[in-house]
Structures are given as C-alpha cells and as structure tokens.
Asker: 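Shown below is the structure under consideration.
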Amino acid sequence: MPSPQYITTAIDYPNAAPHMGHVLEKVLADVCARWFRLRGDKVRFQIGTDEHGVKVQRTAEVEGVTPKELVDRIVPLYKDLYKRLDISYDKFVRTTDQKEHWPTVIELWKKLDAAGKLEKQSYTGLYCSGCERFVTKKDLEDGKCVNHKKAPEEVSEENYFFLLSQDNENLKKLLTKKWDGEEYRIVPSFREKETLSLIDQGLDDVSFSRPKSSLSWGIPVPDDDEQTMYVWCDALTNYISGLDYFGLNNGEVACHERPRIGGGVEWWDDAEVTHVIGKDIARFHALIWPAMLKHAGVRIPNRLLIHGFLTSEGEKMSKSVGNVVVPDKVLEKFGGNCDPLRFYLSHEVPVGRDGDFSWDRIVKLYDSKLRNDLGNLLNRVLVLLNKEGGKLSDFGKDPKLLGKTWDEYKEALNNFRLEEGIGLALELTTACNQLIDIKKPWALEGEEKVQILSQLAEALRHISLLLLPFIPRTSERMLKQLGLKVPQTLEGKTEWGAEKGWKKVGESEILFEPII
RNA sequence: CGCGGGGUGGAGCAGCCCGGUAGCUCGCGAGGCUCAUAACCUCGAGGUCGCAGGUUCAAAUCCUGCCCCCGCAACCA
C-alpha cells in the first residue's frame, strides 16, 4: 500500500541570489515528488529559507538595511525562481515567520531542555575583534586574520550545548541496525560509510546558542534573555514547523501554495519522510537532527537523499573566479522554458554524485536529445498521421518498443536512480526513430500506414509519461499534441494501448525551437 | 599513515559490488533515406581501462603498494 510521502529540501540561506547549486537540489526533489504523485502516493513537498544568523546580520549592516529588510528582498528571488522552474512545492517555510515557525522551534528547545540534553558550557575560540566574530583556521594566514592582518585572541563565552557526544553508539546503531526500532537510510550508500567513520572519530557536543551580543538576529532562547539560538535548532526544525507538528497553531499552518494539501502531524508520524540535502550538510542531518528528534520524543525520518555539488565548466564555482552560473541566464537562453535545464540536471548529474554545468554541453544536449531526437520524432509522426486525417487505428501488440521499460523505470525511480529513468525514455525515443526508418511509413498506403503510425503515436504517449517527472511542461505539450489529457497518476496508463478511447491525434507544433 | 570521491578512445560518462569478446553520448569520416525541426537511420576510424606487482585458465572488474585530480576536515548554513 502506498504511504504518504513527505519530502523536503534544505532551506536556502538568502544572503545572496540563488545559484545553480540551489537549483540542482530543488529539481532533484521535485522529480522525486512528481514521481511519488504519479505512482499514486499522497505527497507533501516542502522547501523554504533559513534567514537568521550572523551572515545575514552582517550583510544587512554592510548594505545599511535591517536584516528583515534584506531577507524580505532576497527571499522572493528564490520563490520566484522555483516557480519558474516548475518546482511543485506545497509549502514554503521562512524561519523568520514568528507565527508559523518560531513556536515549534521554541517548543522543541524546551523538550530538549526538559530531557536534560541542553547544558551551558563555555565555548573557547579564536575571536577577531576586526571581524567581530569567531574565526576558524581557514580564515587565518600565518596565524593572522586574512581581512585584518592581526592575530585573533582566545575568547571564551557561555553557550548552550546539545549533548550529542552521549549519542555516539545510538547514532551508529541508527545507521547500521536500529535505534529503538527506528532506522535511517542514507542514499547514496557511500555517504553512509562516510558518516559512520565520522561517528567513529567521536562526536562532540554541539553549540546550540550564542550570546545575544554576538548574534542578535535569531530566535531568542526561552527563559534566557542573554542567548540567541544558533542555526541548528532553528533551521533543522523547519521540517516539522511547516507541519505545525506540535499543534501550536491548531493545525492552521497555511499551505498557500497548493491548498489541496493539509498540514498536520499525519505528514510526519504516518508518512515516509525524505530529506533532500547537499553533501555539505549531510553530517548535521545524519547526526544532530535525528538525535534532537529522538530526545524530543519525535520519530526519526526515513531517509536522507544526499546530492553532490555542481562545478562550472569543470571548476569549482566561486565568486572570485567569477564562474558562478546564474539560473536566470539559463532560463533566458531557452526562452524561459525550464525544461532544458531540468533535463540537463537530471540527465547529466547522477543522483549523489558531483556534476558539472557547461554551456557547451547543455546546448549540445538540447539540440541532439530534445530537439533532434524527441521533438523531431513527435513532429514527423504527427505530420504523417495528420496527412491521413489524424485518425488512429488499433494499436495492436507492442512491436517490441516498450518491452520491460516500465518495470525498469519504476525500479530505477523507486531507488532514486533518476538518471537511469530518464535514460529509458531516451532509449525508447531512439527505438522509435529506428523503427520509423525501417518501416518507412511515408512509402506506405492506407491501413498499413496508419497502423505503423498509430503504434509510433502510442510509443510517444509512453515517452511523454516517462518524461513527466523530469520535464513536465514538455510532457504536457506532447500529450496535448497527441490528443490526450495529462493523467494525475500512472494507474492504468502503462499498458500498451491503455487509452481505449483515444481515436485521433491533435495538431503538431514545434516542441523545441532552435536556440540562437 | 584524517575522511570520502575520481583517474576507461578527442570531450563527457557507464561498466567494477556478482571476474570471461570494452559500451554509451557528443565530436570526426563514409554511406543511406527524404516523412520530419539541414532533422532521422546504418557503417567506420579512434582506447596499453592512472602506474607497478599479485591471485586466476581468464581482471577495467578481486588483492597489495604507489602516483595524480577533486571535495570535506567540526559549527564556516
């Protein structure tokens, strides 16, 4: 029986405009969400922004605005981009939302405190008075601050710490066997090994708060005026605050984006929970988050889906190198159509691995796969059919086009091997182009001609469905041209000739225009 | 001896877990077709599978050592 699926991405840090790394994650999660819906699961898909912290505070200072003004200006850039990428999210959480987010965070903090898992300890670090913050080895050159050319001084401050070090063994069990009957799977598996070796090196307690004097832009620690919550309790909690998990808003969490989805506890306790995140924050999601939930008496999520990073033309993206790819430019290149980019990311970046964004490659892929193979196939079949009046004949038996495609496809997507799924759609496309060349329908007449073309149209229907999670906009256009409606689920649609009432195709139009 | 990933024809990758003719995409060369978006189809050239040992009848695939590249390295989201 399908269980409800709750899928989330990491929440983005809005101190700058979104880049391709953000896009990779959202597209990955969106393909999963769309696949879950197609296979018939109830789905809730949540994204959001992590808006507190010193970086935002400082960026705002530099720009001479309040932190709130800064994030209010930048967050819409993210929301707007994801709309244009057809990211089908149901809920967007903002950590600055004092009505929807804060109460859950404060409640979780109190539960951890009540469980005796929070303790004041002194934190000693290297503090640069120029930067007005703690610095790390990375920030130093010859023991001096890169920015201010002076040695930082050792400073101690009181913080609340989350006693993670006590959970070494439990967390190890959680990832290998079970912790109180619960297990947490990490995809891909090599990340699991990495996490386990981290645990073996020993876990330290985690600083969960900062004195107000060094961090003011955040959620206040309950019952302590002098402390502000540090990122972990604030940001990670978004996954349950967006559900109003503790019922502090009487379940009245607005789900503005897609009202058909309700809020509430059933999306956590009774659902399969998947967190899609980047490899940089894997350790926090694999260790701190489950420990927090456990000690607060909340069940642990089912799996972590960890993606890699994107390089740009083979090099690490960085502002100083100036090779940061702005998603808007890519959308612009393809006339505002997000599908070439979605296709590129799904096809070129195997889930879990690092990938590369290359302009040359996205253009080549667009031309060869989308335009020449797919778009041209649809066009030639429809043009030939419409010359005969557009009527379809019996689809007969599968002329060995589909074969085991659907079985393999379902198996691949259910195991998050998305690139394999999209590859199967392309293989079917190639098979159609081969068949059309062998059968030469343009040289045939009457029923025999229509029969071949009808089978090709049927194959194209399957191709549209196979592509639906990846490039939904294109699939919808294909189905429309074929004279079909877009199905909500795949149920009853994957057999050869499943559309019994399908008698006629629509008008053909160019699917992918040449790019300038 | 910090941790992890990778090194396969010009480029980008799959194959490695479960050893047995080295595969895909792009590019290149030749041919075919003409329904179609100068698109499509077929064939071909091109590789000591990072290096060195070992196991085996047989290794890209297992084992050992080494070299090179890329991330991460603790609160830096």
Side-chain angles (χ1 to χ4, degrees), chain A residues 10-15 49-56 95 123 125 133-139 159 161-162 164 188-198 200-208 210 230-232 234-236 277-285 287-288 308-309 311 314-316 347-350 352-356 358 360-361 363-365 367-388 419-420 423 426-427 429-430 432-444 449 452-453 456 508-514:
Chain A
I11 49 178
D12 300 318
Y13 199 70
N15 72 332
T49 38
D50 166 25
E51 306 179 23
H52 293 129
V54 177
K55 267 193 191 169
V56 161
T95 57
Y123 169 77
R133 68 180 180 103
F134 284 95
V135 293
T136 58
K137 275 184 283 176
K138 221 182 209 172
D139 299 316
N159 292 179
F161 275 74
F162 177 56
L164 188 69
S189 55
F190 70 83
R191 292 284 172 215
E192 197 162 282
K193 278 194 275 175
E194 195 174 24
T195 308
L196 285 170
S197 96
L198 256 176
D200 284 335
Q201 291 164 41
L203 301 175
D204 290 337
D205 294 336
V206 189
S207 168
F208 254 37
R210 288 292 147 85
Y230 190 57
V231 60
W232 312 123
D234 179 355
L236 290 166
I277 58 163
K279 62 181 183 179
D280 54 332
I281 52 174
R283 61 179 59 191
F284 312 118
H285 282 74
L287 305 173
I288 302 176
F309 280 175
T311 51
E315 286 184 65
K316 187 177 175 175
H347 185 266
E348 293 295 287
V349 187
R353 304 285 195 133
D354 288 341
D356 182 49
S358 147
D360 182 52
R361 218 166 149 66
V363 169
K364 281 216 173 92
L365 203 65
D367 275 335
S368 70
K369 294 294 160 197
L370 292 180
R371 224 160 70 77
N372 298 346
D373 288 354
L374 181 64
N376 184 45
L377 172 68
L378 178 70
N379 195 237
R380 63 202 299 213
V381 170
L382 288 181
V383 166
L384 280 168
L385 261 173
N386 278 319
K387 280 180 184 168
E388 303 299 312
E419 66 285 354
E420 213 172 296
L426 295 180
E427 276 176 32
T429 306
T430 300
C432 287
N433 274 320
Q434 287 169 336
L435 187 76
I436 204 170
D437 229 68
I438 292 166
K439 297 286 187 181
K440 302 192 195 317
W442 56 87
L444 300 173
K449 179 176 184 179
I452 300 290
L453 292 169
L456 286 161
S508 69
E509 61 178 65
I510 300 297
L511 211 48
F512 298 102
E513 297 288 348

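To find a chain, count down the sequence lines: A is the first, B the second, and so on, and within it residues start at 1.
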Asker: Using atom C1' in both nucleotides, what's the gap between B:G15 and B:A38 to the nearest angstrom?
Answerer: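 It works out to 36 Å between them.
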
Asker: Rounded to the nearest angstrom, tell me the gap between atom CD in A:E427 and atom P in B:A14.
Answerer: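 Answer to the nearest Å: 16 Å.
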
Asker: What's the closest nucleotide to the A:Y13 side chain, out of B:U37, B:C35, B:A77?
Answerer: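 Nearest to the side chain of A:Y13 among the choices is B:A77.
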
Asker: Could you work out which one of B:G12, B:A77, B:G71 sits closest to the side chain of A:D50?
Answerer: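 Of the candidates, B:A77 comes closest.
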
Asker: Applying salt bridge (charged side-chain N to carboxylate O under 4.0 Å, His left out), name anything that partners A:D234, two or more places apart in sequence or on another chain.
Answerer: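 Scan of A:D234 (salt bridge (charged side-chain N to carboxylate O under 4.0 Å, His left out), adjacent residues dropped) gives none.
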
Asker: Over all strands shown, is A:G355 touching base, sugar-phosphate only, or nothing at heavy-atom distances under 4.0 angstrom?
Answerer: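 No contact.
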
Asker: When the C1' atoms of B:U21 and B:A60 are considered, how many whole Å apart are they?
Answerer: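 Result for the C1' pair: 14 Å, nearest Å.
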
Asker: Using atom C1' in both nucleotides, what's the gap between B:C28 and B:C66 to the nearest angstrom?
Answerer: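 These two C1' atoms come out 37 Å apart once rounded.
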
Asker: Run the side chain to side chain donor-acceptor pair (under 3.5 Å) test against A:D356 and tell me which residues pass, sequence neighbours left out.
Answerer: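 Per chain and number, A:D356 pairs via side chain to side chain donor-acceptor pair (under 3.5 Å) with A:T311.
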
Asker: In whole angstrom, give the distance that lies between atom CG of A:D200 and atom C1' of B:A74.
Answerer: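 Checked: the CG to C1' distance equals 16 Å.
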
Asker: Without decimals, in angstroms, what is the distance between A:H347 NE2 and B:A14 P?
Answerer: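 Between P of B:A14 and NE2 of A:H347: 12 Å.
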
Asker: Would you sketch RNA chain B in dot-bracket for me? Only Watson-Crick or G-U wobble pairs with both distances under 3.5 Å count, crossing pairs as [ ], other-strand pairs as |, the rest as dots.
Answerer: .(((((((.[[[[.)....(..]]]].(((((.......))))).....[[[[[..)....]]]]])))))).....

Asker: So does A:K364 get a side-chain nitrogen or oxygen closer than 4.0 Å to the phosphate oxygens (OP1/OP2) of B:C26?
Answerer: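 No, no such contact exists.
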
Asker: For A:K55, which residues count as a side chain to side chain contact (heavy atoms under 4.5 Å, CB included) partner, sequence neighbours excluded?
Answerer: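 Scan of A:K55 (side chain to side chain contact (heavy atoms under 4.5 Å, CB included), adjacent residues dropped) gives A:Y13, A:N15.
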
Asker: Quick one: are the ring centres of A:F208 and A:F162 less than 6.0 Å apart?
Answerer: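 Distance test on ring centres: under 6.0 Å, yes.
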
Asker: Find the distance A:D360:CG to B:G12:P and express it as a whole number of Å.
Answerer: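 Checked: the CG to P distance equals 12 Å.
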
Asker: What contact category does A:K440 fall into here, base, sugar-phosphate, or nothing, at under 4.0 angstrom with non-hydrogen atoms?
Answerer: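 The answer is nothing, as A:K440 stays clear of every strand by at least 4.0 Å.
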
Asker: Taking side chain to side chain donor-acceptor pair (under 3.5 Å) as the test, write out the residues that go with A:D50, two or more places apart.
Answerer: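 Not a single residue meets the side chain to side chain donor-acceptor pair (under 3.5 Å) criterion with A:D50.
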
Asker: Can you tell me how far P of B:C24 sits from CD of A:E348, to the nearest Å?
Answerer: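 After rounding, the gap between these two atoms is 17 Å.
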
Asker: What residues form a salt bridge (charged side-chain N to carboxylate O under 4.0 Å, His left out) with A:R191, not counting sequence neighbours?
Answerer: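 Listed in chain order: A:E194.
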
Asker: Run the side chain to side chain donor-acceptor pair (under 3.5 Å) test against A:N372 and tell me which residues pass, sequence neighbours left out.
Answerer: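 Testing A:N372 for side chain to side chain donor-acceptor pair (under 3.5 Å), a comparison that skips the adjacent residues, returns none.
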
Asker: With nearest nucleotides of RNA chain B determined for A:D356 and A:I281 from heavy-atom distances, which residue corresponds to the more 5′ nucleotide?
Answerer: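 Checking each residue's closest nucleotide, the 5'-ward one belongs to A:D356.
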
Asker: In whole Å, what separates the P atom of B:C17 from that of B:C33?
Answerer: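 To the nearest whole Å, 45 Å.
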
Asker: Would you mind reporting whether A:L511 and A:R371 have side-chain heavy atoms less than 4.5 Å apart?
Answerer: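 Of all side-chain heavy-atom pairs linking A:L511 with A:R371, none is under 4.5 Å.
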
Asker: Ignoring the backbone of A:K369, work out which of B:A74, B:U25, B:G71 is nearest its side chain.
Answerer: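 The listed nucleotide nearest to A:K369's side chain is B:U25.
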
Asker: Taking side chain as C-beta onward, heavy atoms only, is A:H52 less than 4.5 Å from A:V231?
Answerer: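 A side-chain contact under 4.5 Å is absent here.
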
Asker: Using atom CZ of A:R361 as one end and atom P of B:C26 as the other, report the distance to the nearest whole Å.
Answerer: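 Computing the A:R361:CZ to B:C26:P distance gives 9 Å.
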
Asker: For the P atoms, the ones on B:C24 and on B:C67, what distance do you get once it is rounded to whole angstrom?
Answerer: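 Between the two P atoms, the distance is 36 Å.
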
Asker: Taking atom C1' in both B:G5 and B:G10, compute the distance separating them and give it to the nearest angstrom.
Answerer: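 Nearest-Å result for B:G5 against B:G10 at atom C1': 25 Å.
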
Asker: Suppose we screen for side chain to side chain donor-acceptor pair (under 3.5 Å). Which residues come up paired with A:K449, at least two apart in sequence or across chains?
Answerer: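 Side chain to side chain donor-acceptor pair (under 3.5 Å) check on A:K449 returns A:E388.
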
Asker: Considering only atom C1', compute the distance from B:U25 to B:G19 and round it to an integer number of Å.
Answerer: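 Here B:U25 and B:G19 have their C1' atoms 27 Å from each other.
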
Asker: Partners of A:D354 by salt bridge (charged side-chain N to carboxylate O under 4.0 Å, His left out), sequence neighbours excluded?
Answerer: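 Scan of A:D354 (salt bridge (charged side-chain N to carboxylate O under 4.0 Å, His left out), adjacent residues dropped) gives A:K279.
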
Asker: For A:S207 and A:N159, does a side-chain donor sit closer than 3.5 Å to a side-chain acceptor?
Answerer: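 Per modelled atom types, A:S207 and A:N159 side chains form a pair under 3.5 Å.
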
Asker: Looking at every strand, decide which applies to A:G375 at a 4.0 Å heavy-atom threshold: base, sugar-phosphate, or nothing.
Answerer: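 Here A:G375 touches the bases of the nucleic acid.
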
Asker: With sequence neighbours excluded, what pairs up with A:E509 under the salt bridge (charged side-chain N to carboxylate O under 4.0 Å, His left out) test?
Answerer: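 Testing A:E509 for salt bridge (charged side-chain N to carboxylate O under 4.0 Å, His left out), a comparison that skips the adjacent residues, returns A:R477.
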
Asker: Anything under 3.5 Å between a protein N or O and an N or O of nucleotides 38-41 of chain B, put it in a table, one pair a line.
Answerer:
| residue | atom | partner | partner atom | Å |
| --- | --- | --- | --- | --- |
| B:A39 | O2' | A:N372 | O | 3.3 |
| B:A39 | O2' | A:N376 | ND2 | 2.8 |
| B:C40 | OP1 | A:D373 | OD1 | 3.3 |
| B:C40 | O2' | A:R380 | NH1 | 3.0 |
| B:C41 | O4' | A:D437 | OD2 | 3.4 |

Asker: Could you tell me the separation between the CG atom of A:L287 and the C1' atom of B:C3, rounded to a whole number of Å?
Answerer: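 In whole Å, B:C3 C1' and A:L287 CG are 14 Å from each other.
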
Asker: Between N or O atoms, less than 3.5 Å apart, protein on one side and nucleotides 4-10 of chain B on the other: list the pairs.
Answerer:
| residue | atom | partner | partner atom | Å |
| --- | --- | --- | --- | --- |
| B:G6 | OP1 | A:R353 | NH1 | 3.2 |
| B:G6 | OP1 | A:R353 | NH2 | 3.3 |

Asker: With nearest nucleotide decided by heavy atoms, which residue, A:L377 or A:L365, maps closer to the 5′ end of RNA chain B?
Answerer: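 Result: A:L365.
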
Asker: When you measure from the side chain of A:N379, which nucleotide among B:C72, B:U37, B:C35 comes out closest?
Answerer: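 The closest nucleotide is B:U37.
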
Asker: Determine the Euclidean distance between corresponding C1' atoms of B:G27 and B:G9; express it in Å to zero decimal places.
Answerer: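 Looking at atom C1' only, B:G9 and B:G27 are 12 Å apart.
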
Asker: Is A:I11 touching bases, backbone alone, or none of the nucleic acid, heavy atoms closer than 4.0 Å?
Answerer: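 Here A:I11 touches the bases of the nucleic acid.
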
Asker: Across the strands shown, which category fits A:V383 at heavy-atom distances under 4.0 angstrom: base, sugar-phosphate, nothing?
Answerer: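 Result for A:V383 = sugar-phosphate.
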
Asker: Just to be sure I understand the rule, does A:Y230 reach a base, reach only the sugar-phosphate, or reach nothing, if contact means heavy atoms closer than 4.0 Å?
Answerer: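 Result for A:Y230 = sugar-phosphate.
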
Asker: Distance check needed: B:A36 P versus A:L511 CG, whole Å only.
Answerer: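 A:L511 atom CG is separated from B:A36 atom P by 17 Å.
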
Asker: Answer yes or no: is there a side-chain heavy-atom contact under 4.5 Å between A:H285 and A:L236?
Answerer: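 Yes, close enough: below the 4.5 Å cut-off.
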
